[in-house]
Each structure stands twice: as structure tokens, then as C-alpha cells.
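For reference, the structure is listed below as C-alpha cells.
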Amino acid sequence: MTGSSAPVVGVVGATGRLGAALCSALESAGASIGLRASRAGWNLAEPPTVVFDVSGPECFDRTVRLCRQWSAALVYAVSAVPDSHADRLRQLGTEVPVVRATNLSIGHWIQIRLLEAVASLGQSLPVLPVAAVLERHPITKADRPSASARELAEVWRESSGAPAADLTSVRAGHPVSDHVVQLDLPDESVTIAHAVTGIGAAVRGALLLLPWVSTAPAGLVTAHHIYEDVIAKGVRHAAHH
């Protein structure tokens, strides 16, 4: 997908908390919404060129089928992704741009960059820190631990060579979430924390992805890959990459 015309956006999960907020933000930005899909129905005004799926695994088959039919890019922002779905996203990525977005918030990307920075010091430190991950969501959160917490633990393992000592989930409190990585050194600790207090954090991340994915060639990338381009390198559009 390398066209220069304005994208037509589809939102799967349009009546959910994130989907409704995303639709509102797109409308405020003057974007064209061609598809609003929910349990109440898939309301198509115009075939979208970019689809955001912020629903749940139950919509996966239809979303993938329609993205293939329309040659539409897909931003898949459903946190629980079974292996079979991950394989099909890779297959879809051979035909259209596909973005895996475990967590849309820019703060989560910053937290991961900070964690990688600490891990990169591992060989120079007298002792490698012992890492533990704690995540908190309201009781309505289904998957446990969250995909974001698992990602933090995996980033530490890949970057430092050592597994996280613990991965703890708490289901309590108010929306939206807290993710904390505690790094223990002898006689001291360092904490890298990320708190999300409003759904706007995810919406702003989604809007940041839109220009990039609208011009991207076929392929499977992560939201963090795009944030690296857009924020760290200043590359706003994939066609310029």
C-alpha cells in the first residue's frame, strides 16, 4: 500500500470503549470512516484502506478475510493472540501491511526502550539486576498476565540474557492499567513504571500509526517498529523509509 490519497479507515470493535474513542478522534481529525463493525453489525459505507481491529479474537476470521478482499492494511490491536492467529497474521502480511499492536500507548514503547537501555549495561554492571514485572488491570481484564507484561518480561530476557524472576498480575482498581518493572541490585532497586489513566493514550498511538501504515508496503511489523521510525527517527511515512 503506497498510495498518497487520504486513507479510508475501518474500525472493528467500534462500539467498545477504545473503538468508540478512536472513531470520535478520527471524526475530529476529519478522517473518513468507511467501516464501523460491532456485535450489532458490520456497517460498511466504503471499503476501508486501513482497518483497526480493537475488538476481540472472535472477530479475527472476518477481519482477516475482509482485509484480504479489500487489500486493506490491518492494525491488529487485540492483546490475546493465539499462535494460530499469529501465523495467519504473518501470512496476511505477505499480501498487505499488518501491524501487531500489543499495546498502542507511546508510554509503553518508552518503558521498553528504558528497559533495553538498562539491559545493555548488563556487562558493565558489577551485578546484573534481578527483574520482576507487575501488572495491574481492573477486574474486567480477561487475559492474565497481560500481553504487555509478557512483552516486558520477554524484552528483558532477550536484552539481558536472564529471565524475569517473577511476573505478577493484580486485578483490582480503576481503569486503565499499571505496568511496573522492578530491577533489584544489591542494597538498592530501580523501578521503571508506566501508568495509563485514560483511553486517550491508546487513541493517540493509533492516530500516530495511521499515516505510516497508510503508505506501507506489504509486511508484518509491530507498533513499536513504527514508533521507532516516527518518534526516534522522524520518519512519518513508510514510503520514505
Side-chain angles (χ1 to χ4, degrees), residues 1-14 16 18-38 42-79 81 84-106 108-109 147 202-231 233-241:
M1 173 176 288
T2 57
S4 58
S5 59
V8 178
V9 182
V11 179
V12 181
L18 175 53
L22 178 56
C23 286
S24 178
L26 288 166
E27 289 171 340
S28 296
S32 175
I33 302 178
L35 170 71
R36 299 173 193 257
S38 68
W42 290 54
N43 299 316
L44 179 66
E46 180 182 359
T49 56
V50 178
V51 173
F52 286 86
D53 190 336
V54 295
S55 59
E58 66 278 1
C59 294
F60 181 82
D61 289 340
R62 190 169 184 180
T63 296
V64 168
R65 184 174 70 253
L66 291 177
C67 284
R68 182 172 284 121
Q69 175 183 324
W70 296 324
S71 297
L74 172 62
V75 178
Y76 195 69
V78 177
S79 60
V81 181
S84 60
H85 287 188
D87 289 341
R88 289 179 62 192
L89 289 174
R90 279 190 288 271
Q91 292 170 8
L92 183 64
T94 65
E95 304 173 43
V96 301
V98 177
V99 180
R100 278 281 304 272
T102 300
N103 188 320
L104 283 166
S105 77
I106 296 166
H108 180 65
W109 169 73
V203 171
R204 280 185 287 277
L207 294 179
L208 193 64
L209 297 177
L210 183 57
W212 195 101
V213 74
S214 298
T215 60
L220 174 65
V221 298
T222 65
H224 290 173
H225 171 92
I226 300 174
Y227 293 158
E228 286 287 338
D229 263 10
V230 174
I231 300 172
K233 300 175 185 176
V235 179
R236 303 295 299 182
H237 297 274
H240 302 161
H241 183 49

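All of these numbers come straight from a predicted model, not from anything done at the bench.
Every pair tested for salt bridge (Lys or Arg N to Asp or Glu O under 4.0 Å) that includes a residue from residues 214-223 fails, sequence neighbours excluded, so the list is empty. Within the structure, salt bridge (Lys or Arg N to Asp or Glu O under 4.0 Å) contacts touching residues 209-220 (residues at least two apart or in different chains) do not occur.
When every heavy atom of Ile106 is checked against every heavy atom of Gly205, the shortest pair comes out as CG1-CA, 4.5 Å. Nearest heavy-atom pair, Leu209 versus Val75, reported as atom, atom and distance to 0.1 Å: CD1-CG1, 4.0 Å. When all heavy atoms of Ala216 and Pro97 are compared, the pair lying nearest together is O-CG, 3.2 Å. Closest non-hydrogen pair, Cys67 versus Leu74, comes out as SG-CB, 3.9 Å. The shortest heavy-atom contact between Trp212 and Val235 is CD1-O, 3.9 Å. What you find for Ala86 and Val81 is that their closest heavy atoms are N-CG1, 3.7 Å.
Judged as a side chain to side chain donor-acceptor pair (under 3.5 Å), and not counting sequence neighbours, Arg62 has no contacts. With sequence neighbours excluded, no residue forms a side chain to side chain contact (heavy atoms under 4.5 Å, CB included) with Ala45. Legend: residues meeting side chain to side chain donor-acceptor pair (under 3.5 Å) with Trp70, ordered by chain and number and at least two apart, are absent. Take Arg88 and apply the side chain to side chain donor-acceptor pair (under 3.5 Å) test, not counting sequence neighbours, and it matches Asp61. With sequence neighbours left out, Asn103 forms a side chain to side chain contact (heavy atoms under 4.5 Å, CB included) with Ser105, His108, Ser148. Residues satisfying the side chain to side chain contact (heavy atoms under 4.5 Å, CB included) criterion with Ala147, sequence neighbours excluded, are Ser79, Thr102, Arg150. When the side chain to side chain donor-acceptor pair (under 3.5 Å) test is applied to Asn43, no partner is found at least two apart in sequence or on another chain. Evaluation of the salt bridge (charged side-chain N to carboxylate O under 4.0 Å, His left out) rule for Arg68 yields Glu95 as partners, not counting sequence neighbours. Contacts of Pro7 classified as side chain to side chain contact (heavy atoms under 4.5 Å, CB included), with partners at least two apart in sequence or in another chain: Thr49, Val50, Leu210, Ser214.
For the pair Pro47/Val8, no side-chain contact is recorded, criterion being any heavy-atom separation below 4.5 Å from C-beta on. A 4.5 Å side-chain heavy-atom check between Val51 and Leu66 finds every atom pair outside the cut-off. Two residues are said to be in side-chain contact when any heavy atoms from C-beta on lie closer than 4.5 Å; Trp42 and Val12 meet this criterion.
Atom CZ of Arg65 and atom CG of Leu92 lie 12.5 Å apart (nearest 0.5 Å).
Checking side-chain atoms of Tyr227 against main-chain N and O of Leu104 turns up a donor-acceptor pair under 3.5 Å.
Each of Glu228, His224, His225 was evaluated against Trp109; a single residue qualifies, Glu228, per the side chain to side chain donor-acceptor pair (under 3.5 Å) test. For the side-chain contact (heavy atoms from CB on, under 4.5 Å) with Val99, the qualifying choice from Val213, Leu89, Leu220 is Val213, the only one to do so.
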| said: Before you tell me yes or no, could you show the steps for Val9 and Leu22 under side-chain contact (heavy atoms from CB on, under 4.5 Å), namely the whole-Å CA-CA distance, both residues' side-chain angles and the distance that decides it to 0.1 Å? | reply: CA-CA 10 Å; Val9 182; Leu22 178 56; 5.9 Å; no
Please tabulate, one pair per line, all N/O donor-acceptor pairs under 3.5 Å involving side-chain atoms of residues 26-34, not counting sequence neighbours.
from: Glu27; atom 1: OE2; to: Arg36; atom 2: NH1; distance (Å): 3.3
from: Glu27; atom 1: OE2; to: Arg36; atom 2: NH2; distance (Å): 2.5
from: Ser28; atom 1: OG; to: Ser24; atom 2: O; distance (Å): 3.0

